[in-house]
Structure formats: C-alpha cells, structure tokens
Amino acid sequence: MISGSKFISSKDGKNPKKKGDVHVKHGQTFVIAHGSCQFARDLVYNCANKIKGFINPIDLLNYAYLETKVRGSSTACIITLNEWCLHAVNIGDNGFILLRNEEILYESPVQQHTYKTPYQLGNANDSPEEIKLTELEPGDIIIAGSAGLFNNLFTHEIKDLVIKEIRKDPAPSPDMIAAEIAKNAIERSIDQCRFTPYSKAAWQAGKRHKGGKMGDVTAIFAFILP
C-alpha cells in the first residue's frame, strides 16, 4: 500500500480555534479526529504511541480514550489495513470510501443523532461502529477524511476527482491526490452557492443553508498495491 495525506486548516489567523482536525498516518493505520482541540490532539497522540501494540482498531481507540486526561469530546475514525482486509472503527461524521474499478464499492455511514449533532467520544451514550471489509484487491483505493471533506464534497464528486487525477498520471503521488481532494473541499466550503452534502442535510432537517460548511479539512488517499 502507498498512501498520502493533506490537512488544511480553517483558522483565520485572528481567533484561536476551539475545535479542529488532528490526524496521524503510521504504516497501514490511519487515525482522524475532530473535536475539542486539546482533547482531539491527546486522543490522536495516544493512538500514535500505541499503534504498533494493537491489531484491533476498537481496542486502540478505547485505550487512547482512557489515556486522554483532558475533558472534551471528539469524533474519531481509525482504519487499519492488514492482509487484504480493512478493519475500521468510526464514531461521528468522519469517514471513508472504497473505490474499485472506478466505482464506489463502500462508503462508511455517518453516525449522528440529528443534523449538526454527530456521535462523539466524551458523550456517555455514544458508541463507535466497527467495520470489517474483507477481500481487498490490488488497485483498490481508499479515501478517508474528516467531516470537513464529507460536508463539502459528495462521495461521487470525490470519486470523479480521483479518477480524473489518476487518468492524468497512472502513477500519481498519493500526497498530491490527497492535496487535490482537500483543496477542492476547502474551496467548496466557502462557496455559498453550490449544493453540498451539508446544505442537503440542512434541507432534509427542515433548515435553510446555502453552500458549504467552513471547517478544517483532512484527506487521506491510499492505493492497494499488487
């Protein structure tokens, strides 16, 4: 597997953020969190320190959460690839999609109570969802991201963007593709005219919202090698 990642901050340089994205990529494991800044940082730091010691991502998430000393809340997504199997645990509105032969084979479900209220670690009644996908194949593509990605780009738009980049360069840089995905998401977040997943969710909840949703964006691109 080869992989790359890109983070783009929504910080305007004037006001300190209370919430944000944090991620780490280590070997064949990816961790993404979004929430109270110190809580999310500690959660991902604890994961990074123990990635080698855990095979099951839900055990890793539970360990990292118990070791986090500050108070707060955060969404989280951990994805581990091992011997042609994808094993993930997700809580909240981060997520991932799996592409095969230029089609979306799987997309992780969003966990939320209501519009704008995702499940989070730190809320006593919220529990993560475990996902297992077996029989990955050479050429499969995984795109993972924070809510800032999936709030602003539909999964079919992410798929089309990735296909376009690969057709331009059959041996692309994973970091360059991740950067292109993140750039498109951050541009859409400040577009007040386009129809987005966030504006669709608002409409479904009986709310009015035009355009995207500003926020941090994290994108991870991974390609399964033969």
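The structure presented is a predicted model; accordingly, all values stated were derived computationally and were not measured. These values consider heavy atoms only, across backbone and side chains, with no hydrogens, waters or symmetry-generated copies.
- Within a 6.0 Å radius of OH in Y45, other residues, nucleotides and ligands contribute 12 heavy atoms or fewer.
- When hydrophobic clusters are built by joining Ile, Leu, Val, Met, Phe, Trp and Tyr residues whose side-chain heavy atoms come closer than 4.5 Å, directly or via intermediates, L133 is not grouped with I91.
- With a 4.5 Å cut-off on side-chain heavy atoms, I2 and L225 count as touching.
- In this structure, A76 and L43 approach most closely via the heavy-atom pair CB-CD2, 4.0 Å.
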**Report entry** Full working for side-chain contact (heavy atoms from CB on, under 4.5 Å) between I131 and Y106
**Finding:** CA-CA 11 Å; I131 302 159; Y106 179 84; 3.5 Å; yes
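- Distance alone, capped at 3.5 Å, is enough to place a donor-acceptor pair between the H209 side chain and the G212 backbone.
- With hydrogens and angles disregarded, no donor-acceptor distance shorter than 3.5 Å links the side chain of T68 to the backbone of F39.
- One hydrophobic cluster holds both I177 and L149 under the rule that ILVMFWY side chains link at heavy-atom gaps under 4.5 Å.
- The main-chain N or O of S199 is found under 3.5 Å from a side-chain atom of T196 such that the two form a donor-acceptor pair.
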Query - side-chain contact (heavy atoms from CB on, under 4.5 Å) between H26 and K52, worked out - result: CA-CA 9 Å; H26 186 283; K52 290 184 178 180; 3.6 Å; yes
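- To the nearest 0.5 Å, atoms OG (S74) and CG (L121) are separated by 6.5 Å.
- Note that NZ of K116 is 12.0 Å distant from CG of D93, once rounded to the nearest 0.5 Å.
- Heavy-atom minimum distance, C77 versus N94: CB-CB, 3.9 Å.
- The main-chain N or O of E103 is never found under 3.5 Å from a side-chain atom of N101 such that the two would form a donor-acceptor pair.
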Requested in this report: Could you go through the side-chain contact (heavy atoms from CB on, under 4.5 Å) check for E180 and L161 one step at a time?
Outcome: CA-CA 8 Å; E180 190 65 22; L161 177 60; 3.9 Å; yes
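- Grouping the Ile, Leu, Val, Met, Phe, Trp and Tyr side chains by contacts below 4.5 angstrom, directly or via other members, places I220 apart from V24.
- When all heavy atoms of K25 and S5 are compared, the closest pair comes out as CE-OG, 3.7 Å.
- Residue I32 is not grouped with residue L60 when hydrophobic side chains (ILVMFWY) are merged at heavy-atom distances under 4.5 angstrom, including chains of intermediate members.
- In this structure the side chain of F154 reaches within 4.5 angstrom of the side chain of K200, judged on heavy atoms.
- Between D216 and S146, every side-chain heavy-atom pair lies at or beyond the 4.5 Å cut-off.
- Looking at heavy atoms from C-beta onward, N46 lies out of side-chain contact with L66 at the 4.5 angstrom threshold.
- Under the 4.5 Å side-chain criterion, counting only non-hydrogen atoms from C-beta, R167 is in contact with I163.
- No side-chain heavy atom of H23 sits less than 4.5 Å from a side-chain heavy atom of V44.
- The minimum heavy-atom distance linking S189 with N152 is given by the pair CA-OD1, 3.3 Å.
- L136 is listed as a side-chain neighbour of L98, based on a closest heavy-atom distance under 4.5 Å.
- Checked against the 6.0 Å centroid criterion, the rings of Y198 and Y115 qualify as a close aromatic pair.
- When the side chains of ILVMFWY residues are joined at heavy-atom separations under 4.5 Å, either directly or via intervening members, V31 and V70 end up in a single hydrophobic cluster.
- Across all their heavy atoms, T80 and P57 have their closest contact at OG1-CB, 4.3 Å.
- Atom CD of Q120 sits about 8.5 Å away from atom NE2 of H113, to the nearest 0.5 Å.
- The number of heavy atoms from other shown groups lying within 6.0 Å of CD (Q192) is above 12.
- Around CE of M1, the count of heavy atoms belonging to other residues, nucleotides or ligands within 6.0 Å exceeds 12.
- A salt bridge links E157 with R188: the closest approach of a Lys/Arg side-chain nitrogen to an acidic carboxylate oxygen falls below 4.0 angstrom.
- Shortest non-hydrogen contact noted between P128 and V89 is CB-CG2, 3.5 Å.
- Between the D21 side chain and the S9 main chain, no donor and acceptor come within less than 3.5 Å of each other.
- Between the CG atom in D191 and the CG atom in N184 there is a gap of 11.5 Å [rounded to 0.5 Å].
- Annotation for W203: atom CH2 does not count as buried by contact number, only 12 or fewer foreign heavy atoms lying within 6.0 Å.
- The pair E135-R100 does not count as a salt bridge, with every side-chain nitrogen at least 4.0 angstrom from each carboxylate oxygen.
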Report task. Go through the steps for Q111 and D126 under the test side-chain contact (heavy atoms from CB on, under 4.5 Å), then give the verdict. Result -> CA-CA 9 Å; Q111 284 189 302; D126 293 350; over 6 Å; no
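- For the atom pair NZ (K159) and CD1 (I143), the distance works out to 10.5 Å, reported to the nearest 0.5 Å.
- Looking at I224 and L81, their side chains come closer than 4.5 Å, going by heavy atoms from C-beta outward.
- Atoms CG and CD1, from L153 and I181 in turn, are 8.5 Å apart once rounded to the nearest 0.5 Å.
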